[in-house]
Amino acid sequence: MTNQPAYVKTASYLIIFFLTVTILILGKQFLIPLVLAILLSFLLLPVSSFFERRGVHRGIAIVLSLIVALIILGGFLYFIYFQIMMFADDGPLLKEKLTEKITELQKYISSHYKVSKWEQNKWLKEQTDGMVDSGGKYLSSIFSVTGSILAAFALIPIYIFFMTLYRDKIKLFMCKITPNEKDSHILEVARKTASVSQKYIRGLLIDIALLSVLNSIGFLLLGIDYAILLGILAAILNLVPYIGVLVGSIFPFMIALLTKDSTSAAFGAIGVCVVVQFLDNNFLTPKIVGSSVSINPLATLIAIIVGGLIWGIVGMMLFIPLLGMMKVILDSFPKSQPFGYLIGEESEMKSMMSFKKIQDLIIIKKR
């Protein structure tokens with residue numbers, strides 16, 4: 001392989017890349033639940049290990065950890081369902097207020113810009129029809145992916161159970177397929193990879209909980225209806241970087257605009273989202289999530305776009321921890337370390353060498 005021409009190596013890398021993308025696209029109905037199960041296995045491993053250290057059989061300990069997770073998830077979903085039902089009860093009133101706001105807006109446009117209500121209604125109908133068509137296609141694609149995930153949801157606990165049960169067997173398998181002198185190195189890479197995903201998911205859940213509390217407090221102080229539901233929704237949408245914050249601020253803005261007489265509460269809701277996002281970016285995420293996934297913003301953005309193209313909204317969230325795990329693997333082998341550096345934070349390189357050393361390295365390479 002080392003004696004092959006450069007174009008042969010490039011062609012090999014391209015073939016591997018396109019094969020990987022093809023497998024990810026064609027096998028997404030199988031791979032999405034499997035990847036979710038792997039990440040959740042890392043998250044629940046400390047819980048099952050806690051029971052095992054107290055003398056509980058490994059299989060029973062794994063079942064207990066799954067029960068704990070299902071109880072927490074079930075309680076959260078029931079709370080969300082209760083909040084949504086409260087929102088649904090006020091649906092007719094919100095629809096009536098929305099109609100009033102639209103009528104007031106039409107009167108304002110008609111008097112100030114000389115655009116008749118008929119022309120406004122015609123334009124609104126065209127825009128609505130276009131949004132319904134595009135939105136229907138978008139929602140159908142979302143529900144098709146979501147439906148496939150829900151159909152395979154029953155397999156996720158089974159995947160988690162067996163992957164956690166056979167974790168020693170998986171480690172031994174990894175040692176058997178590598179040279180003996182590489183055993184400790186491979187196990188260390190596996191440990192670091194699992195640690196990255198575990199820290200990332202755990203930190204993300206804590207971050208979402210804190211964001212939900214901060215958003216809800218801000219909306220409650222502004223007197224916005226459904227403050228807790230909107231606070232949780234904005235925090236969950238924060239899972240989708242860059243875009244999620246923007247979308248998450250629209251819902252409290254619209255609710256405040258419909259339920260309040262003045263626009264101050266509506267713009268105050270946007271202010272709450274901006275302030276909470278500032279606190280999250282500068283204080284919460286660095287302290288809670290930390291540098292477990294030390295990926296630069298460009299690599300993160302590419303991961304979000306590629307994940308969205310391949311696996312939809314689920315891919316936008318899953319590809320970030322997957323990229324973090326990949327970075328750990330790339331950094332662990334000399335030949336792939338340049339790729340790890342390329343997607344990593346700039347601070348990593350600064351800690352390794354000064355600017356002068358970089359210049360010296362470039363001069364040596366040219367020689």
Side-chain angles (χ1 to χ4, degrees), residues 75-113 115 117 120-121 123-125 127-128 130-132 134-135 138-139 142 204-285 288 313:
F76 174 74
L77 292 178
Y78 177 78
F79 178 77
I80 294 296
Y81 172 79
F82 179 74
Q83 293 288 322
I84 291 174
M85 288 299 101
M86 291 177 58
F87 178 80
D89 290 339
D90 295 334
L93 180 61
L94 289 174
K95 184 178 179 182
E96 182 181 342
K97 291 184 176 181
L98 178 61
T99 305
E100 291 177 2
K101 294 291 183 181
I102 292 175
T103 303
E104 291 176 5
L105 181 62
Q106 285 183 329
K107 288 180 180 179
Y108 178 83
I109 294 174
S110 179
S111 61
H112 286 76
Y113 299 99
V115 180
K117 289 184 179 180
Q120 294 178 46
N121 290 330
W123 179 86
L124 187 62
K125 186 178 184 302
Q127 298 302 315
T128 304
M131 288 175 64
V132 168
S134 60
Y138 186 66
L139 286 175
I142 292 175
L204 206 59
L205 292 176
I206 296 172
D207 188 50
I208 290 172
L210 290 175
L211 289 180
S212 299
V213 172
L214 292 175
N215 286 328
S216 300
I217 291 173
F219 298 152
L220 284 170
L221 291 175
L222 291 171
I224 299 175
D225 296 338
Y226 327 109
I228 297 177
L229 177 62
L230 293 172
I232 294 172
L233 181 62
I236 293 174
L237 286 171
N238 192 59
L239 283 171
V240 182
Y242 308 112
I243 306 169
V245 180
L246 190 62
V247 177
S249 62
I250 293 174
F251 293 103
F253 175 81
M254 293 300 296
I255 293 296
L257 206 60
L258 291 176
T259 57
K260 298 295 179 182
D261 295 330
S262 66
T263 58
S264 58
F267 289 103
I270 294 180
V272 168
C273 293
V274 171
V275 171
V276 170
Q277 183 63 25
F278 174 80
L279 293 174
D280 180 50
N281 289 339
N282 294 279
F283 301 102
L284 297 180
T285 297
I288 299 170
I313 292 179

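The basis for the numbers below is simple: all heavy atoms, side chains too, and nothing from hydrogens, waters or symmetry mates. These numbers were taken from a predicted model, which means no experiment stands behind them.
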Which pairs would a plain distance check flag for residues 263-278, meaning a side-chain donor or acceptor within less than 3.5 Å of a matching protein atom at least two apart in sequence or in another chain?
from   : atom 1 : to     : atom 2 : distance (Å)
Ser264 : OG     : Ser262 : OG     : 3.0
Gln277 : NE2    : Asn281 : OD1    : 3.0

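- A distance of 10.0 Å separates CD1 in Ile208 from CG in Leu237, rounded to the nearest 0.5 Å.
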Return all side-chain donor-acceptor pairs below 3.5 angstrom for residues 246-254, not counting sequence neighbours, or 'none' if the list is empty.
from   : atom 1 : to     : atom 2 : distance (Å)
Ser249 : OG     : Val245 : O      : 3.4
Ser249 : OG     : Leu246 : O      : 2.8

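- Contacts classified as side-chain hydrogen bond (donor to acceptor under 3.5 Å, both in side chains) and involving residues 209-227 (residues at least two apart or in different chains) are given here: Asp90-Tyr226.
- The line from CG of Leu211 to CG of Asp280 is 4.5 Å long, rounded to the nearest 0.5 Å.
- Every residue meeting the side-chain contact (heavy atoms from CB on, under 4.5 Å) condition with Ile84, not counting sequence neighbours, appears here in chain and number order: Ile80, Leu229.
- When all heavy atoms of Gln83 and Ile228 are compared, the closest pair comes out as OE1-CB, 4.1 Å.
- Across every non-hydrogen atom of Thr259 and Ile255, the tightest pair is OG1-O, 2.7 Å.
- In this structure Leu205 satisfies the side-chain contact (heavy atoms from CB on, under 4.5 Å) test together with Leu43, Ile201, sequence neighbours excluded.
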